[in-house]
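Everything quoted here is computed from the prediction, not taken from an experiment.
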Amino acid sequence: MSGSYDESAGADDTMDSFWEVGNYKRAVKRFDDGHRLCNDLMGCLQERAKIEKAYGDQLTAWSKRWRQLIEKGPQYGSVERAWLAVMTEAEKVSELHQDVKNNLLNEDVEKVKNWQKEAYHKQMIGGFKEAKEAEEGFKKAQKPWAKKLKEMEAAKKTYHMACKEERLAAAREANGKTEASVTPDQQKKLHEKVDKCKQDMQKAKEKYEKSLDELNKCTPQYMESMDQVFDQCQQHEVKRLTFLKEALLDIKRHLNLTENQSYATIYRELERTILAANTQEDLKWFSNNHGPGMFMNWPAFEEYNPDQAAAPPKKKKPDGAPPTPSTDHVAPPGDRSSVSSYDKNQAYSTEWSDDEQPAGYSGNENGGNGNSFEDDSSAGKGVRVRALYDYDGQEQDELTFKAGDELTKTEDEDEQGWCRGRLDNGQEGLYPANYVEPI
């Protein structure tokens, strides 16, 4: 039985034993503790869910901000795509952490709440039905033994008092024999008192031994009855501990993203995109669009053509003019063009001088403190215009459009009457300023 005595236990350990009268209350209190622990677990999960949501929201905000900065910045080509893949990773991981939050709240917290409701039944007068039943069971099991214990304690007290009286009487008799002032008659009375105390002590001892014997005979039944009630409490606790273990395993499964196949896929895709970055292709693209590989309409002799008299003289384009659309680098389907949005939006000046410094490096003049990404946020602005006449571009760097088409003027008219603009399909080039009007 669970009440077997452990001889290795000290005296202090037995003073607060479960078998002492009323000490079963700790077993009863475990029902209240179990209900409260369910509340604690739900509160714990709700706090973790808030953390998961906040982290996911921060990842999303961070990704959105830096995606815009990178797309507007000077990075280009496959390395730009690799960098943007880090932002994609953050967005996907954010979604997974939002899933963790939802699983914690919608599955784990609800599971604990439902189990708690089924396991603990509140009473109208307060407390729980399970605790009340255990309290009544322990009281009923302990009542007969507690009554015998009370009788034994009273008999023990009487016996100990009788022993004390006998000792005092014997001491007075011994003192009387040594004192000359004590008469023989007084000595006789002292002796008779000692005899009476011995008789009372013996009777008290016999009664004490009898009550103790009766208590011991009652103890096995007492222990068996208490064990039965305690086992019922243990069965309920087994259910709670088993449920808690299962619930924690579910929580672990929801928290452990490394076991989520989607999580592993995110980083395989990120690694694949980074490894796909090709330095030589990026350098070739830059050379073809911003370097020696660019098209150049070198000056050549031109005969007078009366059919083109309506058009102004052709503007000679210096090196460094914005590139015309090229098919040398085609982005894969679904992916935005590898041309950096910085290049798409940046308005390159067609006027240049050896004494001028490129505006894009202004941040370096302050010791490199300028943010090259954020400085370009205003690039690419233009004025919307509408074509008055049809115009068929005569050179590769000229635009072709129909009367009524709308486009964006990105540079004002020069001294030769040419403007630079961009069609809605993204093509950039020159066109006669007098062929359009502002919208």
Side-chain angles (χ1 to χ4, degrees), residues 1-34 121 123 125-174 188-241:
M1 290 186 295
S2 61
S4 59
Y5 177 70
D6 183 1
E7 293 183 357
S8 64
D12 292 341
D13 296 328
T14 61
M15 292 301 292
D16 197 28
S17 170
F18 163 77
W19 302 103
E20 297 286 343
V21 175
N23 280 356
Y24 61 79
K25 292 186 181 296
R26 290 176 296 186
V28 175
K29 183 177 179 294
R30 191 164 54 169
F31 289 98
D32 295 329
D33 292 342
H121 301 86
Q123 300 182 113
I125 59 175
F128 300 100
K129 176 184 176 183
E130 292 74 20
K132 182 180 179 182
E133 291 176 350
E135 176 88 23
E136 292 175 348
F138 281 126
K139 280 184 177 180
K140 183 177 180 181
Q142 197 171 74
K143 186 175 181 180
W145 188 83
K147 182 178 179 182
K148 293 293 183 182
L149 177 64
K150 187 175 181 180
E151 293 174 354
M152 185 276 295
E153 292 288 352
K156 182 174 76 171
K157 184 177 181 181
T158 301
Y159 168 64
H160 288 172
M161 289 296 296
C163 290
K164 182 178 180 180
E165 290 295 328
E166 189 274 336
R167 285 175 177 262
L168 290 174
R172 283 195 291 267
E173 181 186 22
K188 180 181 179 181
K189 288 182 179 180
L190 290 173
H191 182 71
E192 291 174 351
K193 179 66 175 177
V194 170
D195 289 341
K196 186 177 183 305
C197 287
K198 286 182 179 181
Q199 293 174 3
D200 293 341
M201 183 184 68
Q202 186 61 32
K203 290 178 181 180
K205 182 180 180 180
E206 292 174 357
K207 186 175 181 180
Y208 174 35
E209 290 175 342
K210 181 180 179 181
S211 64
L212 182 59
D213 184 59
E214 292 177 353
L215 178 66
N216 290 335
K217 289 178 180 180
C218 182
T219 297
Q221 179 62 41
Y222 163 62
M223 296 179 69
E224 182 178 353
S225 299
M226 293 288 283
D227 263 332
Q228 290 177 355
V229 180
F230 186 77
D231 286 342
Q232 293 174 0
C233 297
Q234 290 288 78
Q235 290 173 13
H236 190 280
E237 184 68 2
V238 165
K239 295 179 182 178
R240 188 187 74 84
L241 295 176

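Inter-residue side-chain proximity for Q235 and K239 is flagged as unmet; no heavy-atom pair is nearer than 4.5 Å.
The minimum heavy-atom distance linking L215 with L149 is given by the pair CD1-N, 3.5 Å. Between F138 and V28 the shortest heavy-atom distance is CD1-CG2, 3.8 Å. Here the shortest heavy-atom pairing between A162 and M201 reads CB-CA, 3.5 Å. Contact detail for V194 and E173: the closest heavy-atom pair is CG2-OE1, 3.4 Å. What you find for G34 and R240 is that their closest heavy atoms are CA-CD, 3.7 Å.
Residues satisfying the side-chain hydrogen bond (donor to acceptor under 3.5 Å, both in side chains) test with E165, not counting sequence neighbours, are none. R167 is linked by a side-chain contact (heavy atoms from CB on, under 4.5 Å) to nothing, counting only residues two or more places apart in sequence or in another chain.
Exactly one residue among H236, K129, E135 makes a side chain to side chain contact (heavy atoms under 4.5 Å, CB included) with F31. That residue is H236.
Of the possible polar contacts, none joining the Q142 side chain to the M226 backbone as a donor-acceptor pair under 3.5 Å is found. Without hydrogens or angle criteria, N216 side chain to L212 main chain gives a donor-acceptor distance under 3.5 Å.
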_Does Y208 form a side chain to side chain contact (heavy atoms under 4.5 Å, CB included) with T158? I'd like the steps, not just the answer._
CA-CA 8 Å; Y208 174 35; T158 301; over 6 Å; no

_With side chain to side chain contact (heavy atoms under 4.5 Å, CB included) as the criterion, how do Q234 and R30 come out once you've worked through the C-alpha distance, each side chain's angles and the decisive distance to 0.1 Å?_
CA-CA 10 Å; Q234 290 288 78; R30 191 164 54 169; 2.6 Å; yes

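Counting heavy-atom neighbours within 6.0 Å of H191 NE2, excluding the residue itself, gives a total of 12 or less.
Classified by interplanar angle (parallel below 30°, tilted 30° to 60°, perpendicular above 60°), the ring pair Y222/W19 is perpendicular.
For the atom pair CG of D231 and CD of Q228, the computed distance is 8.0 Å after rounding to the nearest 0.5 Å. Residue E133 holds its CD atom at 8.5 Å from CD of Q232, rounded to the nearest 0.5 Å. Here the NZ atom belonging to K148 is positioned 10.5 Å from the CG atom belonging to D213, to the nearest 0.5 angstrom. Note that the CD atom of Q202 and the CD atom of E166 stand 11.0 Å from one another [nearest 0.5 Å]. A distance of 11.0 Å separates CG in D200 from SG in C163, rounded to the nearest 0.5 Å. Interatomic distance, W145 CH2 to Q221 CD, rounded to the nearest 0.5 Å: 14.0 Å.
Comment: K156 engages E153 in a salt bridge, judged by a side-chain N to carboxylate O separation of less than 4.0 angstrom.
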